[in-house]
Amino acid sequence: MQTIEKGLSIFALGGINEIGKNMYVVQYEKDIFVIDCGSKFPDESLLGIDLIIQDISYLQENKDNVRALIITHGHEDHIGGIPYFLKQLNLPVYATDLTLGLIEIKLKEHGLLRATEMHLIDDASNLSFGSVNITFFRTNHSIPDCVGVVFDTPIGRVVHTGDFKFDLTPVNNEPPDIHKMAKIGEAGVLVLLSESTNAERPGFNPSEMAVGSHIEDAFRKAHQKVFISTFASNVHRVQQVVDAAEKTGRNLVLLGRSMLNVVKVASELGHLEIPDGMIIEPYQMKRMDPRNVAILCTGSQGEPLAALARLASSNSRHAEVHPGDTVILASSPIPGNETNVSRIIDQLFMLKANVIYGSEEGMHVSGHARQEELKLMLTLMKPKYFIPIHGEYRMLYKHRQLAESVGVERENIFIVKNGDVVDFDGESARQTRKVKAGRVFVDGLGVGDVGNVVLRDRRLLSEEGMLVILVTVSKETGRLLSEPDTISRGFVYKPDAKELIDEVNDTVRLAVDNFKGSPGSDGTVMRQQIKKSVETLLFERTKRRPMILVYVIEI
């Protein structure tokens, strides 16, 4: 059993050397606090996997000491793993109102809402857990209700920024609380954990407000229907779409379950202002002039089952993209999604739509701080120690250089991996230990039951195909009672490969005839002998290694 019982310790269980599944842990003596619980989407190598979440073995082993799950904001890479987490550890959850609303949707789907203790916080909240006091400060990002977290411990102050940028003219008129950040820094910060997503990008981010005028301009220039796709959770962007639709006299149709859910929750909580009667059902737009319709949909990351992908493949039952329609992708691809997004853009051009995409068209600005903003946060907080988080290695490395440029000592900066523990004793900091950290695969209803062996088999099936061999033998003599039956799936097309299949069957017959085991006593050995003989033949003939399944039926 792994445990940490002395001093102050900080580590990540997700979010380091990757984009997604963020989870960070602050532990003072035996009191453990978890920050964020995100998920990550699989890449193309993880066949059939729906989500990737954290390995929380350490937290389970120390479950009696885990005090709270604190959520900085409502993006999937920070809340997507919560239902799976709570099924293993039923902790109280602390989050702002919009974030709680989005979490509640997930908990309802998993039947966990009644059993979960939920606490509403804001940037003025103050929580006390023994000798640890927790406060918050307002940041802004591409979703409302974002906070940074401050842990005051007897050893020193720990600050976690959450995802942030410095947008001084935000859509919701709630700029970051720079004054409070400066006061936190003046009081002394032992260690800062700050996100690194845009650490490679120089300068400052443009304001989200700048996107609104570009969306409105595109709506005005459109002569037919307008389709616009963005992250459902980007409530500021959704508000700008609503504003553009109102100014150009268009009704709005929502497509995609997540878009419907987020708009409903954000509207109820006052984060979205939508004129009465603007939102219409999909069937209503069929009777309307296309110039009076805009469709706001999910799928800006190329998800194959999302609304935009269905529209691009002319497979949507709600709407159809016609030549001359305008399609706007108001986002940029997350690393790894570029191929899927490009494919959808190509399909939309083939439909003769007017497609507008990319930051250069003014349809998107990032919600993550660039270099000058990261340096501003470091300057405000003035930490003694610094741990860059939330990013791939090159981003963390670049963030370290930025920290050095504003005066943080190089030996006081820790670039860590998931599971690396940084310990503080009041006099020094060191990284010499690890806790268990890794990834857990969610596949349908299964959580953690798909491992490397299963993925290897799936990859083999996808690349080389499968051969199924059925053999019927006598239980008494071990001799064949009928001809072997060989079935090919994804390996060779049987009518075009009769000669090869005949060779396989001949090899099977020879393997059975040469089998030295006792009849009826060891079917496993016979199967292995047949499989080995066929594998050798197929590699000699094709240089391929399909999955071979042998079934021996004894009669």
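- Remark: Ser131 pairs with Tyr28, Pro154 by the side-chain contact (heavy atoms from CB on, under 4.5 Å) rule, at least two apart or across chains.
- Using a 4.0 Å cut-off between charged side-chain N and carboxylate O, Glu372 and Lys375 make a salt bridge.
- Remark: side-chain polar atoms of Ser142 are not paired, donor with acceptor, to backbone N or O of Gly367 under 3.5 angstrom.
- Judged as a ring-ring contact (aromatic ring centres under 6.0 Å, His included), and not counting sequence neighbours, His214 has no contacts.
- Separation of atoms CG (Leu192) and OG (Ser194) is listed at 5.0 Å; rounding is to 0.5 Å.
- Taking the six-membered ring where the residue is Trp, Phe166 and Phe164 present perpendicular rings, their angle passing 60° and hence far from 30°.
- Ring planes of Tyr94 and His119: parallel class, angle under 30° (limits at 30 and 60°).
- Checking Gln239 against Glu273 by side-chain atom types alone, no donor-acceptor pair falls below 3.5 Å.
- Residues satisfying the side-chain contact (heavy atoms from CB on, under 4.5 Å) test with Ile345, not counting sequence neighbours, are Leu329, Val341, Phe349, Val355, Tyr357.
- Looking at residues two or more places apart in sequence or on another chain, you find a side-chain contact (heavy atoms from CB on, under 4.5 Å) between Ala306 and Thr298, Glu303.
- Considering only residues two or more places apart in sequence or on other chains, Asn90 meets the side chain to side chain donor-acceptor pair (under 3.5 Å) condition with none of them.
- For Met209, the side-chain contact (heavy atoms from CB on, under 4.5 Å) partners two or more places apart in sequence, or in a different chain, are Thr169, Ser207.
- Between Phe414 and Tyr385, the ring planes are tilted. Angles from 30° to 60° get that label.
- In this structure, Tyr24 and His160 have tilted ring planes: the angle between them lies in the 30° to 60° band.
- Arg138 has no carboxylate O lying under 4.0 Å from a charged side-chain N of Asp122, or vice versa, which leaves the two without a salt bridge.
- The residues Glu268 and Lys264 are annotated as salt-bridged, a charged nitrogen and a carboxylate oxygen being separated by less than 4.0 angstrom.
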